[in-house]
*Asks:* 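Sharing a structure here in structure tokens format.
For ligands, and for the atoms within them, numbers begin at 1 and follow the listed sequence.
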Amino acid sequence: MMPPNIVRIGHAIFTVTDLARSRHFYVDLLGLNVLHENRDAIYLRGIEDREWTLKLELASSARVRQIGFKVASEADLDALQQLAQDEGLLHRWESEQDRPRMLRVQDHWGIPLAFYFQSQRYPWLLQSFDRHRGAGIQRVDHVNVFTPQVDAMSRWYQKALAFRLTEVSEDKDGRAWGAWLHRKGNVHDIAITNGTGPRMHHFAYWVPDASRISQMCDILAGAHAAAHIERGPGRHGISNAFFLYVRDPDGHRTEYYTADYLTVDPDFEPIRWSVDDPRRQQLWGGIAPKSWFTEGSDVESFDGGVVEQQEPLLGLPAYIK
Ligand SMILES: [Fe+2]
């Protein structure tokens, strides 16, 4: 049977503990755009996004409620339901703002996924230059998750969901430490990283160019909010992207990312890195802080609790003390 046709990353839903504080951070400082808002939730998007791509929802604790992927048709949703049933995965039908038919699935590693085809579309803001603010955040790009079982999870995403491997980091025994997998034709829609999991490591947006990342740093500094900058700006070895990582007021990590490369060739060969090579993380030589390897967002289970986490079997890269 053909695997379901997943088109791209679609959205994330973060729960946050103070909606006004989070709105100030994501809208006033970073420059995401409000598509809908009510007393309990805000739906945000980049200037190229024709749909909402990040929902912030008020709750008593900060978690990731779901990570959404767009599929090519309603039939692909039915195929995903069949897959979930065949493999004994927790799943149910739900609906969300603008998305009347969404399949929630918890994967074998506890990651809370959501799949949708139909979504209300809105005019984009790409050429409404007069409405661009902050760093001009353009579109959703990828998610990165922690799991103790990178090898197994990466293999399943390739076999069952037809993701394609673009880059991989490995320890000296050839065990995968991180895997970058795509559907849409750039470096990744999802990255899978060794660590205590399941947790979300970060959720990422594309920005138009590297100058916008410097601008984001200037805006945060000007607002005396530079403590939100966790890592960067810098140039990744893996993906070649220019990047910045920030932590929101609840600790959720987001990345602002640009200038990776095309991966659509059918004979594309994945690029392999040693996990102990610091150039994979930062071509310029800056070492990521330890928090980058150890901290992440809890993910929500189907019953509203937190999915139980397990420690990783593999250690940190040799250059991290
Ligand atoms: Fe990333």
Side-chain angles (χ1 to χ4, degrees), residues 8-12 14 26 30 32 46 48-49 53-54 64 67-69 111 113 135 137-147 150 153-154 157 163-169 176-195 197-210 212-213 216-217 228-248 251-263 270-271 273 275 277-284 286-289 291-297 299 317:
R8 59 172 172 82
I9 183 83
H11 68 247
F14 294 174
Y26 283 104
L30 301 189
L32 279 171
E48 184 183 340
D49 293 327
T53 47
L54 177 60
V64 172
I67 294 161
F69 290 89
I111 301 296
L113 305 173
I137 296 166
Q138 189 162 330
R139 63 172 178 265
V140 62
D141 191 80
H142 64 266
V143 69
N144 184 317
V145 297
F146 273 133
T147 179
V150 175
M153 186 173 165
S154 165
Y157 271 68
F163 280 79
R164 295 171 61 198
L165 185 71
T166 56
E167 303 209 28
V168 61
S169 59
W177 198 94
W180 283 256
L181 300 154
H182 85 94
R183 286 290 305 165
K184 69 180 173 303
N186 70 341
V187 171
H188 56 326
D189 290 279
I190 185 168
I192 302 170
T193 303
N194 176 65
R199 292 180 299 163
M200 183 195 74
H201 188 278
H202 65 264
F203 183 64
Y205 278 92
W206 178 272
V207 293
D209 59 61
R212 296 307 189 97
I213 287 176
M216 183 179 282
C217 293
H228 289 284
I229 299 173
E230 183 185 29
R231 184 180 166 209
R235 171 78 68 184
H236 282 310
I238 293 176
S239 81
N240 189 56
F242 201 89
F243 69 88
L244 180 75
Y245 294 95
V246 301
R247 306 292 291 273
D248 81 2
H252 294 306
R253 184 186 288 107
T254 52
E255 180 185 16
Y256 302 90
Y257 172 104
T258 191
D260 63 352
Y261 58 87
L262 280 182
T263 56
I271 299 170
W273 296 79
V275 70
D277 178 358
R279 281 171 54 86
R280 75 186 174 85
Q281 283 211 305
Q282 238 289 21
L283 276 178
W284 305 343
I287 301 294
S291 62
W292 200 88
F293 293 94
T294 57
E295 296 178 10
S297 299
V299 296

*Asks:* Have Glu230 and Trp292 got a donor and an acceptor in their side chains that come within less than 3.5 Å?
*Replies:* no

*Asks:* Can you tell me if Glu255 has an N, O or S atom under 2.8 Å away from the Fe ion (ligand 1)?
*Replies:* yes

*Asks:* Identify which one of Thr258, Asp49, Thr53 satisfies the side chain to side chain donor-acceptor pair (under 3.5 Å) criterion when paired with Tyr205.
*Replies:*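 Of the listed residues Thr258, Asp49, Thr53, the side chain to side chain donor-acceptor pair (under 3.5 Å) partner of Tyr205 is Thr53.
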
*Asks:* Tell me whether the Fe ion (ligand 1) has His236 as a neighbour, meaning an N, O or S atom of it below 2.8 Å.
*Replies:* no

*Asks:* State the atom name: nearest N, O or S atom of His142 to the Fe ion (ligand 1).
*Replies:* NE2

*Asks:* Apply the side chain to side chain donor-acceptor pair (under 3.5 Å) test between Asp189 and each candidate in Arg8, Arg183, Lys184, His142; give the one that qualifies.
*Replies:*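 For Asp189, the side chain to side chain donor-acceptor pair (under 3.5 Å) check succeeds only for Lys184.
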
*Asks:* Is Glu295 paired with Arg247 through a side-chain N to carboxylate O contact shorter than 4.0 Å?
*Replies:*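 Yes, this pair counts.
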
